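Note sheet for the following structure.
On a predicted model such as this, the values are computed, not experimentally measured, just so you know. Each ligand, and each atom within it, is numbered from 1 in the order the structure gives. Both backbone and side-chain heavy atoms feed into the values below; hydrogens, waters and symmetry mates do not.
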Amino acid sequence: MGLITKLFDKRAAPILVAFFVVLFVLEHKRKLRKTTQPLKKRIPTNAIVAIPAFALLRLLFLPLMVKLALKNKDYVFDRQLKIPLILRCVITFLIMDYGNYLWHVINHKIPLLWRFHLVHHTDLDLDTTTAFRFHFGEMIGSVFSRGLFVLLANASAKQVLYYEMLFEAATQFHHSNVKMPISIENLLNKLIVTPSMHGIHHSVNKDETNSNYSVIFSFWDRIHNTFNAKPRQKQIIIGVPEYRNATQMTPKYLLSIPFKKQINLNQ
Ligand SMILES: [Zn+2]
């Protein structure tokens, strides 16, 4: 598909790779949280888990989202109401981002979905590599939720791809272990999800896990009273209480978790 190659493969992918490298370097120079696991083990584990999810993103998810967007009606109302394109883009991104907030919440509330999403949460450290540690089953499930919001937002194909770029960049950023000056962190957090905010979501403490679900814009959590900014980052223990055996965390084991008897589904 021409548009995906032009906008995502050729334009977004190099920017996202460069952004990853910058965050990766920064998070090892200025650590927000202490790390507990050897990086040389976590990098290949997260990379192998990511391969099927990434293949599905590029070969199934993006083509389907673009196909759905191409079915959306032309902006008759926009032209009648003279809505500027930039405002239309903002409204579209907000609707799609709200959809991702809701999708993330239900991934924690519905036991079947949690089986897949917990693979992402089992990482015992949180950094840019965790941003890729998603089970391919979660990617398949997200097609329905995100597809619905592409239709509700009446998004164009270009908007779908630009939102995806922002989504991927935001996911890398808020999973990173970069320590920023507190004034900058607080300022950014008024609008977007920061590493500190998302770190709380990855805590083993269930009250903390059940907070801070937003993906790009942070205000969805404030609106829904799921915002939590209290815990000190250095005291946060990352992971899922029932899955803390580091030697067990092979890619094969992680990819098989959703299909095994669950240790605890009381999320
Ligand atoms: Zn989560």
Side-chain angles (χ1 to χ4, degrees), residues 32-33 37 42 45-46 49-50 53-54 56-57 61 96-146 149 164 166-177 189 192-231 233 236-244 249 254-255 257-258 262-267:
L32 178 64
R33 296 165 294 264
Q37 304 299 313
R42 285 184 56 250
T45 301
N46 289 350
V49 171
F54 183 77
L56 280 173
L57 169 80
F61 181 86
M96 287 170 64
D97 200 52
Y98 185 54
N100 279 322
Y101 168 85
L102 295 176
W103 169 244
H104 192 184
V105 171
I106 65 166
N107 267 281
H108 280 261
K109 305 293 177 201
I110 298 176
L112 176 64
L113 297 179
W114 173 244
R115 280 174 179 254
F116 294 93
H117 186 58
L118 82 82
V119 175
H120 173 64
H121 278 265
T122 53
D123 208 348
L124 298 171
D125 286 323
L126 186 64
D127 61 20
T128 42
T129 71
T130 318
F132 300 96
R133 180 184 173 123
F134 283 96
H135 195 283
F136 64 86
E138 184 175 344
M139 179 60 67
I140 294 169
S142 74
V143 165
F144 299 98
S145 148
R146 290 181 65 182
F149 279 85
E164 191 59 33
L166 284 180
F167 175 92
E168 297 295 338
T171 303
Q172 285 184 28
F173 175 63
H174 66 229
H175 283 97
S176 77
N177 196 18
N189 192 225
I192 62 168
V193 181
T194 56
S196 289
M197 179 181 170
H198 197 68
I200 295 166
H201 177 68
H202 276 259
S203 160
V204 289
N205 178 322
K206 293 232 162 114
D207 288 337
E208 290 167 12
T209 312
N210 293 326
S211 70
N212 297 358
Y213 297 101
S214 299
V215 178
I216 298 179
F217 300 112
S218 57
F219 41 74
W220 306 124
D221 279 299
R222 291 192 175 88
I223 291 168
H224 288 277
N225 266 333
T226 50
F227 183 75
N228 185 348
K230 286 184 197 117
Q233 291 296 312
I236 291 176
I237 300 168
I238 300 292
V240 179
E242 297 84 0
Y243 295 87
R244 297 201 52 79
M249 302 274 186
L254 291 169
L255 290 171
I257 286 178
Q262 298 297 289
I263 299 170
N264 186 352
L265 290 172
N266 295 326
Q267 272 294 304

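Of all the heavy atoms in Ile216 and Ala170, the pair that sits closest is CG1-CB, 3.7 Å.
Contact annotation: His202 places no N, O or S atom under 2.8 Å from the Zn ion (ligand 1). Look at His120 and the Zn ion (ligand 1): no N/O/S atom of the residue is under 2.8 Å from the metal.
For CZ of Phe167, the number of neighbouring non-hydrogen atoms (other residues, nucleotides, ligands) closer than 6.0 Å is greater than 12.
When side chains are defined from C-beta on, Met139 does not count as touching Phe116, because their heavy atoms never get closer than 4.5 Å. Under the 4.5 Å side-chain criterion, counting only non-hydrogen atoms from C-beta, His175 is not in contact with Phe132.
The Zn ion (ligand 1) is the vertex of the angle joining NE2 of His104 and NE2 of His117, which measures 90° to the nearest 10°. Centred on the Zn ion (ligand 1), the angle running from His108 (NE2) to His201 (NE2) is recorded as 90°, rounding to 10°.
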